[in-house]
Trainee: 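The structure that follows is given in the form of C-alpha cells.
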Amino acid sequence: MALYSGQDGQMLVNGTQAAKVRSWSFTANQAVLDTTSLESTDRTLLGGIRSITGSCSIFYYQTSAGSGTPDGGVSTFIDAFIKDGADNPGTGGDDKAAKSAQVKLRLRIADGSSNGRFIEFNTFITSLAMTSSVGEVMSADISFEANGAPTRVQL
C-alpha cells in the first residue's frame, strides 16, 4: 500500500514544473438531467454537463535578488491573466486590455513512476490574489476553471 502526502504533489504550468507550490486542488462536477416521466415510479437521470474547477497556492520568489523575472510559475499565471493595453497592439492607446490566455495545467502525484499520476487540462484563470505579509513568504492564490474535457488523465 502506498500513501501520498503533500510532498508528492507537483504542478506543471504549460509543460514546465512550477517550483515552490504550497498546495493545489481540483473538483470535478457533473450536472444531471432528470428523465423521469409521469408513469415512472423511480427517478431516472441522464449525465449532463461536466466541469472542473480548482485552485493552487504558489510562493512568489526569485532564485537570487535582482535575477530578473520571478521564478516558480507565478509569472506564467500573471502573464496569462492580467493584461494591459500595452499587451494589445493596435488599440491606439485606448487602454483596452488584451484577452486572458489559457494555461495548460498538469496536477501530478509523484508515485515513483516516470509520469506519476496526473490530470491535465487547459484552464482559464478565474481569480488571482497575491499576498504580502510581514514575516511570511510572498505568495499567490490562484483559482481556475477547465476549458473542455481533460486532455490526459492517469490517476
Side-chain angles (χ1 to χ4, degrees), residues 2-32 47-155:
L3 298 174
Y4 302 107
S5 72
Q7 289 179 289
D8 299 313
Q10 300 173 339
M11 183 173 65
L12 284 79
V13 182
N14 291 336
T16 303
Q17 185 168 334
K20 310 298 182 201
V21 177
R22 184 182 346 196
S23 64
W24 59 255
S25 66
F26 75 93
T27 302
N29 292 299
Q30 179 170 0
V32 292
I49 295 176
R50 296 179 299 193
S51 65
I52 296 175
T53 59
S55 64
C56 60
S57 182
I58 304 176
F59 292 117
Y60 188 72
Y61 74 100
Q62 290 177 312
T63 52
S64 61
S67 65
T69 305
D71 298 318
V74 175
S75 295
T76 304
F77 288 115
I78 292 171
D79 292 344
F81 185 58
I82 300 175
K83 303 286 186 175
D84 61 22
D87 291 335
N88 196 5
T91 60
D94 60 4
D95 295 329
K96 287 185 180 176
K99 292 181 181 180
S100 296
Q102 286 191 113
V103 175
K104 180 174 274 195
L105 287 183
R106 178 180 283 200
L107 304 178
R108 182 175 185 255
I109 301 166
D111 67 351
S113 66
S114 59
N115 285 328
R117 300 178 183 278
F118 64 88
I119 182 168
E120 182 178 274
F121 41 82
N122 294 310
T123 66
F124 279 104
I125 308 307
T126 56
S127 172
L128 187 147
M130 292 186 67
T131 304
S132 177
S133 300
V134 174
E136 294 192 20
V137 177
M138 193 169 197
S139 64
D141 295 315
I142 299 148
S143 296
F144 54 84
E145 191 165 333
N147 184 19
T151 53
R152 294 184 65 199
V153 177
Q154 185 174 317
L155 294 171

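Small disclaimer: the values here were computed from a predicted structure and weren't measured.
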Trainee: Quick check: does any side chain N or O of N14 sit under 3.5 Å from a backbone N or O of K104, one acting as donor and the other as acceptor?
Mentor: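 Judged by distance alone, yes, a pair lies under 3.5 Å.
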
Trainee: Do V103 and F144 have side-chain heavy atoms sitting under 4.5 Å apart?
Mentor: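 SC-SC contact between V103 and F144 ruled out.
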
Trainee: Going by heavy atoms in the side chains, are I52 and I119 under 4.5 Å from each other?
Mentor: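 I52 vs I119: side chains touch.
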
Trainee: To the nearest 0.5 Å, tell me how far S5 OG sits from I109 CD1.
Mentor: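 Here the rounded value is 10.5 Å.
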
Trainee: Do Q154 and N115 have a side chain donor and acceptor closer than 3.5 Å?
Mentor: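 No.
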
Trainee: Using the rule side chain to side chain donor-acceptor pair (under 3.5 Å), only one of Q10, E120, Q17 pairs with R108; which is it?
Mentor: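 Of Q10, E120, Q17, side chain to side chain donor-acceptor pair (under 3.5 Å) with R108 is met by Q10 alone.
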
Trainee: Could you state the interatomic distance from CG (N29) to CZ (R50), rounded to the nearest 0.5 Å?
Mentor: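 So the gap between those two atoms works out to 12.0 Å.
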
Trainee: Examine distances only and state if a side-chain atom of S57 and a backbone atom of S23 form a donor-acceptor pair shorter than 3.5 Å.
Mentor: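 Between the backbone of S23 and the side chain of S57 there is no qualifying donor-acceptor contact (under 3.5 Å).
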
Trainee: Inspect the surroundings of CG in L155 and state if more than 12 heavy atoms from other residues, nucleotides or ligands are less than 6.0 Å away.
Mentor: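 Count over threshold, so yes.
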
Trainee: Report yes if the side chains of L105 and F77 come closer than 4.5 Å at any heavy-atom pair, otherwise no.
Mentor: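 Yes, at least one pair of side-chain atoms sits under 4.5 Å.
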
Trainee: Do K20 and V137 come within less than 4.5 Å of each other through their side chains, counting heavy atoms only?
Mentor: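 No, too far: nothing below the 4.5 Å cut-off.
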
Trainee: Please give me the minimum heavy-atom distance between Q30 and G47, naming the atom from each residue.
Mentor: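 Q30 and G47 have their closest heavy atoms at NE2-CA, 3.1 Å.
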
Trainee: Work out which heavy atom in F121 is nearest to a heavy atom in A146; give both atom names and the distance.
Mentor: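 For F121 and A146, the tightest heavy-atom pair comes out as CD1-CB, 4.0 Å.
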
Trainee: For S113 versus D111, what's the shortest heavy-atom pair and its separation?
Mentor: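 Closest heavy-atom pair between S113 and D111: OG-OD1, 2.6 Å.
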
Trainee: Do the side chains of Q102 and F124 get nearer than 4.5 Å, heavy atoms only?
Mentor: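 Contact flag for F124/Q102 side chains = yes.
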
Trainee: Should Y60 and I78 count as side-chain neighbours, where that means a heavy-atom distance under 4.5 Å?
Mentor: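 Contact flag for Y60/I78 side chains = yes.
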
Trainee: Could you verify whether a donor N or O on one side chain and an acceptor N or O on the other, from S25 and S55, lie under 3.5 Å apart?
Mentor: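 Looking only at side-chain atoms, S55 and S25 do form a donor-acceptor pair, the distance falling under 3.5 Å.
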
